[in-house]
Peer 1: 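Would you mind keeping the following structure in view while I ask a few things?
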Amino acid sequence: MTNSETEGYIHIPFCAKKCSYCDFLSFPCGREKQQLYVDALIKEIESRSLQNRDYRMRSVFLGGGTPSLLEYGLVKKIMDSMYENYDIMPDAEITIEANPCTLDERKLDEYLDSGINRISIGCQSTNDKQLKMLGRLHDSEGFFKTMNLVKKSGFENINIDLMSGLPDQTLAEWKETLCVIAELGVSHISAYSLIIEEGTRFFEIEEELNLPEESIVSQMYQSTAGILNKYGFIHYEISNYSLPNFESRHNLGYWQGIRYEGFGLGASSFEDNTRFSNTTDFDEYINNSRDKRIRRDIIKLTKEDLYSEFMILGLRLIEGISENEFKEKFNVTLESVFGDTISKHVKQGTLARNNGRIFIPEKYLFVSNQILADFI
C-alpha cells in the first residue's frame, strides 16, 4: 500500500424494486435510461482520469442499486473505459454487486471477460418468509439457482450479504441461514444487523414490525463468528468474515483510510483530504458529468477530523489500529491526541492494548458505535 494508490467505486442506481429496508440511491429504469447513464458515467471517468493520472487503482467496486440489472454489454463498456483511463493494478480486486435472478450465463461471462474477479450477491436470508417480508424479488430456490450459475461460470471469489435482527426472526433461524451459506463454499460473508432507516418502507410501519429484542439481536451477532469459524472463516471486521486471504481489499481500503474516487450518481470521493459527493439529480448528472459542478457537500478535513477518522474506521477492524502507524501518518503520538479516551476505555475493558495495537475486544463489538463515538 502506497500513497499513489487509489480505489474506484462506480454507482449503478438502478433497481427492479425498492426493498422495504433500503435507503440507498436507487430507482427503476429501462434500456434507454441505462444507456444514457452509462454514456454519462464514461464521460466522468474520462474527465476524472485526466486529474488523477499519477494514481494506480488497487480495486474497483460496482455497487448500487443493482449493477447486474444493466443490459448486456454495458458493464463491459464501463470496465473498458476504466482500463483505458486508469492504471489498474494487475492484481486489482474488481467486484460487482448482483441480486439473485438478475444473472445468466451470458452476463457472468461478460463480467469475467471485463476483468471482474469478485462477485457480491445480496441474499439477506435463506428463509422464504423473511425474504418476502423484506420485499426481495427472489426466493431461496432462486438464490440457490443463481449460486449454481455463479460457481459454474468460474467465479472463485464470492461474497454473500446476510441480514440479522429481522422481524419475527429467531436465533435458531439465523444460525441455520449462516450454516447453509457457509456450506456453499463461498469465500466471504458480510453479515449486518437490520437498521430501520428514515425514508424506508420499514420506517413507515415500524410500530407494526415484530422486531427481536435487543438481547436476541446481540446473541445473533455474538454467535456469528463462532459458527463461521467452524467453516474456516476469519472475523476480520465488525460485520465481515472471510476465508484466509479473501478479505475484501476494497472495503479494507475504506477502513484503512485509502484515497478513493466515486463515479456516478451520488457517489462519494475522498481525495487529498477532501470529501465530496456527486449530485443525486439524474438529469443534472446526465448533462454535466464531465464538470466539477456536479460535486456536492465538499468538506476539507482538518487534522483533527483525520485523527478521528483514523480511529473510527481503524477500530472497525478486529486487529484494530497501530500506534506506530498513527505516529508515522500524522507525526504526533496517539497518546497525545486520544490518551485520556483510550485510558478510560482500557480501564472499562471496552478497548484492549497489545503489541502496539489498540482494538475492541470481541465481546464489545456489538456496541462498538458507543465506543467509536468517543473519538469524534
Peer 1: Examine distances only and state if a side-chain atom of Ser114 and a backbone atom of Ile116 form a donor-acceptor pair shorter than 3.5 Å.
Peer 2: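 A pair under 3.5 Å: no.
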
Peer 1: In Å and rounded to the nearest 0.5 Å, what is the CD to CG distance from Gln256 to Asn251?
Peer 2: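 With rounding to 0.5 Å, CD (Gln256) is 10.5 Å from CG (Asn251).
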
Peer 1: Are side-chain N/O atoms of Arg259 and Thr6 paired as donor and acceptor at under 3.5 Å?
Peer 2: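 Short answer, yes.
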
Peer 1: Can you see whether Thr302 engages Asp305 through a side-chain donor-acceptor pair at a distance of less than 3.5 angstrom?
Peer 2: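 Thr302 vs Asp305: donor-acceptor pair found between side chains.
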
Peer 1: Which heavy atom of Ser289 sits nearest a heavy atom of Ile294, and at what distance?
Peer 2: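 Looking at all heavy atoms of both residues, the closest pair is O-CD1, 3.9 Å.
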
Peer 1: So does Ser190 get a backbone contact from the side chain of Asn240, meaning a donor-acceptor N/O pair under 3.5 Å?
Peer 2: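 Judged by distance alone, no pair lies under 3.5 Å.
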
Peer 1: Using side-chain heavy atoms (C-beta onward) and a distance below 4.5 Å, is Asn288 in contact with Thr279?
Peer 2: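 SC-SC contact between Asn288 and Thr279 ruled out.
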
Peer 1: Counting only N and O atoms by type, is there a donor-acceptor contact under 3.5 Å from the side chain of Arg136 to the main-chain atoms of Gly122?
Peer 2: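 Yes.
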
Peer 1: Please tell me whether Phe375 and Tyr307 form a close aromatic pair, meaning their ring centres lie under 6.0 Å apart.
Peer 2: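 Not close enough - the centres of the two rings lie 6.0 Å or further apart.
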
Peer 1: Should Lys77 and Asp39 count as an ion pair when the cut-off is N to O under 4.0 Å?
Peer 2: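 Looking at Lys77 and Asp39, the cut-off is met.
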
Peer 1: Do the two ring centres, one from Tyr236 and one from His188, sit under 6.0 Å apart?
Peer 2: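 Ring centroids of Tyr236 and His188 are less than 6.0 Å from each other.
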
Peer 1: Taking Arg290 for the side chain and Asn287 for the main chain, is one N or O donor matched with an acceptor at less than 3.5 Å?
Peer 2: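 No, Arg290 side chain to Asn287 backbone: no donor-acceptor pair under 3.5 Å.
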
Peer 1: Backbone N or O of Glu325 within a donor-acceptor pair of the Ser322 side chain at under 3.5 Å?
Peer 2: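 Checking the backbone N and O of Glu325 against the side chain of Ser322, a donor-acceptor pair under 3.5 Å is found.
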
Peer 1: So Asn127 and Gln169, side-chain hydrogen bond (donor to acceptor under 3.5 Å, both in side chains) or not? Walk me through it.
Peer 2: CA-CA 9 Å; Asn127 180 302; Gln169 187 181 40; over 6 Å; no

Peer 1: Taking the side chain as everything from C-beta on, heavy atoms only, tell me whether Leu184 gets closer than 4.5 Å to Ile160.
Peer 2: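 No, too far: nothing below the 4.5 Å cut-off.
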
Peer 1: Are a donor atom and an acceptor atom from the side chains of Asn85 and Arg48 found within less than 3.5 Å of each other?
Peer 2: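 Per modelled atom types, Asn85 and Arg48 side chains form no pair under 3.5 Å.
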
Peer 1: What are the two closest non-hydrogen atoms of Ser125 and Leu166, and how far apart are they?
Peer 2: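 In this case the closest contact between Ser125 and Leu166 is CB-CD1, 4.5 Å.
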
Peer 1: Taking all atoms of both residues into account, what is the closest heavy-atom pair of Asn159 and Ser120, and its distance?
Peer 2: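 Taking every non-hydrogen atom into account, ND2-OG, 2.8 Å.
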
Peer 1: Determine whether the side chains of Gln370 and Tyr364 contain a donor N or O and an acceptor N or O closer than 3.5 Å.
Peer 2: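 Judged by distance alone, the side chains do not pair up.
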
Peer 1: If only atom types and distance count, is the side chain of Ser269 paired as donor or acceptor with the main-chain N or O of Phe276 below 3.5 Å?
Peer 2: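 Answer holds: no.
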
Peer 1: Relative to each other, are the rings of Phe202 and Tyr21 parallel, tilted or perpendicular (30° and 60° limits)?
Peer 2: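 Ring orientation of Phe202 relative to Tyr21: tilted.
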
Peer 1: State, yes or no, whether a side-chain contact exists between Gln130 and Gln124 at a heavy-atom distance under 4.5 Å.
Peer 2: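 Side chain of Gln130 against side chain of Gln124, heavy atoms only: no contact under 4.5 Å found.
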
Peer 1: Would you say Thr177 and Thr126 are linked by a side-chain donor-acceptor pair, where the criterion is simply a distance under 3.5 Å?
Peer 2: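 Judged by distance alone, the side chains do pair up.
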
Peer 1: May I ask you to check whether Tyr111 and Phe155 place their ring centers less than 6.0 Å from one another?
Peer 2: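 No - the distance between ring centres of Tyr111 and Phe155 does not fall below the 6.0 Å cut-off.
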
Peer 1: Give a yes or no on this: more than 12 heavy atoms of other residues, nucleotides or ligands lie within 6.0 Å of atom CD of Glu304.
Peer 2: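 Yes - once you tally the heavy atoms of other residues, nucleotides and ligands closer than 6.0 Å, there are more than 12.
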
Peer 1: Which class fits the ring pair His11 and Tyr9: parallel under 30°, tilted 30 to 60°, perpendicular over 60°?
Peer 2: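 Rings of His11 and Tyr9: tilted, as their planes differ by 30° to 60°.
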
Peer 1: Using a strict cut-off of less than 4.0 Å between a Lys/Arg side-chain nitrogen and an Asp/Glu carboxylate oxygen, indicate whether Glu46 and Lys43 qualify as a salt bridge.
Peer 2: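 No, Glu46 and Lys43 are not salt-bridged.
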
Peer 1: Using modelled atom types only, decide if a donor and an acceptor are shared between the side chain of Trp174 and the backbone of Ser164 within a distance under 3.5 Å.
Peer 2: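 Such a contact is absent between Trp174 side chain and Ser164 backbone.
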
Peer 1: Could you tell me if the side chain of Val217 sits less than 4.5 Å from the side chain of Tyr221, heavy atoms only?
Peer 2: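 With C-beta onward as the side chain, the pair stays apart.
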
Peer 1: Under 4.0 Å between a Lys/Arg side-chain N and an Asp/Glu carboxylate O for Arg353 and Glu323?
Peer 2: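 Yes.
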
Peer 1: For Glu261 and Tyr86, does a side-chain donor sit closer than 3.5 Å to a side-chain acceptor?
Peer 2: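 Yes, side-chain donor-acceptor contact under 3.5 Å.
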
Peer 1: What orientation do Tyr37 and Phe282 show, parallel under 30°, tilted 30 to 60°, or perpendicular over 60°?
Peer 2: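 Judged by the thresholds at 30° and 60°, the geometry between Tyr37 and Phe282 is parallel.
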
Peer 1: Determine whether Leu134 and Cys19 make a side-chain contact, defined as any pair of heavy atoms from C-beta on separated by less than 4.5 Å.
Peer 2: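 Answer no - side chains too far apart.
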
Peer 1: So, Glu44 side chain and Phe263 main chain: donor-acceptor pair closer than 3.5 Å or not?
Peer 2: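 Not at all, since once roles are kept as given, no pair shorter than 3.5 Å links the two residues.
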
Peer 1: Compare every heavy atom of Cys123 with every heavy atom of Phe143, then report the nearest pair and how far apart it is.
Peer 2: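 The pair with the smallest heavy-atom distance is CE1-CB, 3.6 Å.
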
Peer 1: Treating Lys175 as the side-chain partner and Ile227 as the backbone partner, does any N or O pair qualify as donor plus acceptor under 3.5 Å?
Peer 2: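 Here the side-chain-to-backbone pair does not exist.
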
Peer 1: Work out which heavy atom in Ile78 is nearest to a heavy atom in Ile10; give both atom names and the distance.
Peer 2: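 In terms of heavy atoms, the two residues are closest at CG2-CD1, 3.8 Å.
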
Peer 1: Taking side chain as C-beta onward, heavy atoms only, is Glu93 less than 4.5 Å from Ser248?
Peer 2: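 Sidechains of Ser248 and Glu93: in contact.
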
Peer 1: Which atom pair, heavy atoms only, marks the closest approach of Gly142 to Cys101?
Peer 2: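 The answer is CA-SG, 4.0 Å.
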
Peer 1: Pick one: which of Asp91, Ile94, Thr95, Asn157 meets side chain to side chain contact (heavy atoms under 4.5 Å, CB included) with Arg249?
Peer 2: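 The side chain to side chain contact (heavy atoms under 4.5 Å, CB included) with Arg249 is passed solely by Asp91 among Asp91, Ile94, Thr95, Asn157.
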
Peer 1: Set out, in order, the CA-CA distance, both residues' side-chain angles and the distance that settles side-chain hydrogen bond (donor to acceptor under 3.5 Å, both in side chains) for Tyr254 and Glu7, then state yes or no.
Peer 2: CA-CA 9 Å; Tyr254 288 141; Glu7 299 194 310; 5.4 Å; no

Peer 1: Under 4.5 Å between any side-chain heavy atoms of Phe359 and Leu365, yes or no?
Peer 2: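 Of all side-chain heavy-atom pairs linking Leu365 with Phe359, none is under 4.5 Å.
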
Peer 1: Are the side chains of Ile321 and Leu334 in contact, using a 4.5 Å heavy-atom criterion?
Peer 2: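 Touching, per the 4.5 Å side-chain cut-off.
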
Peer 1: Within the supplied structure, the quantity of interest is the number of heavy atoms (other residues, nucleotides, ligands) at a distance under 6.0 Å from Lys292 NZ; does it exceed 12?
Peer 2: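 Atom NZ in Lys292 is not packed in, count stays at 12 or less.
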
Peer 1: Identify whether the distance between the nearest side-chain nitrogen and carboxylate oxygen of Lys129 and Asp168 falls below 4.0 Å.
Peer 2: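 So Lys129 does not pair with Asp168 through a salt bridge.
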
Peer 1: Report yes or no: does Asp139 contribute a side-chain atom to a donor-acceptor pair with the main-chain N or O of Lys132 at less than 3.5 Å?
Peer 2: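 Pair absent, no side-chain N/O of Asp139 close to backbone of Lys132.
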
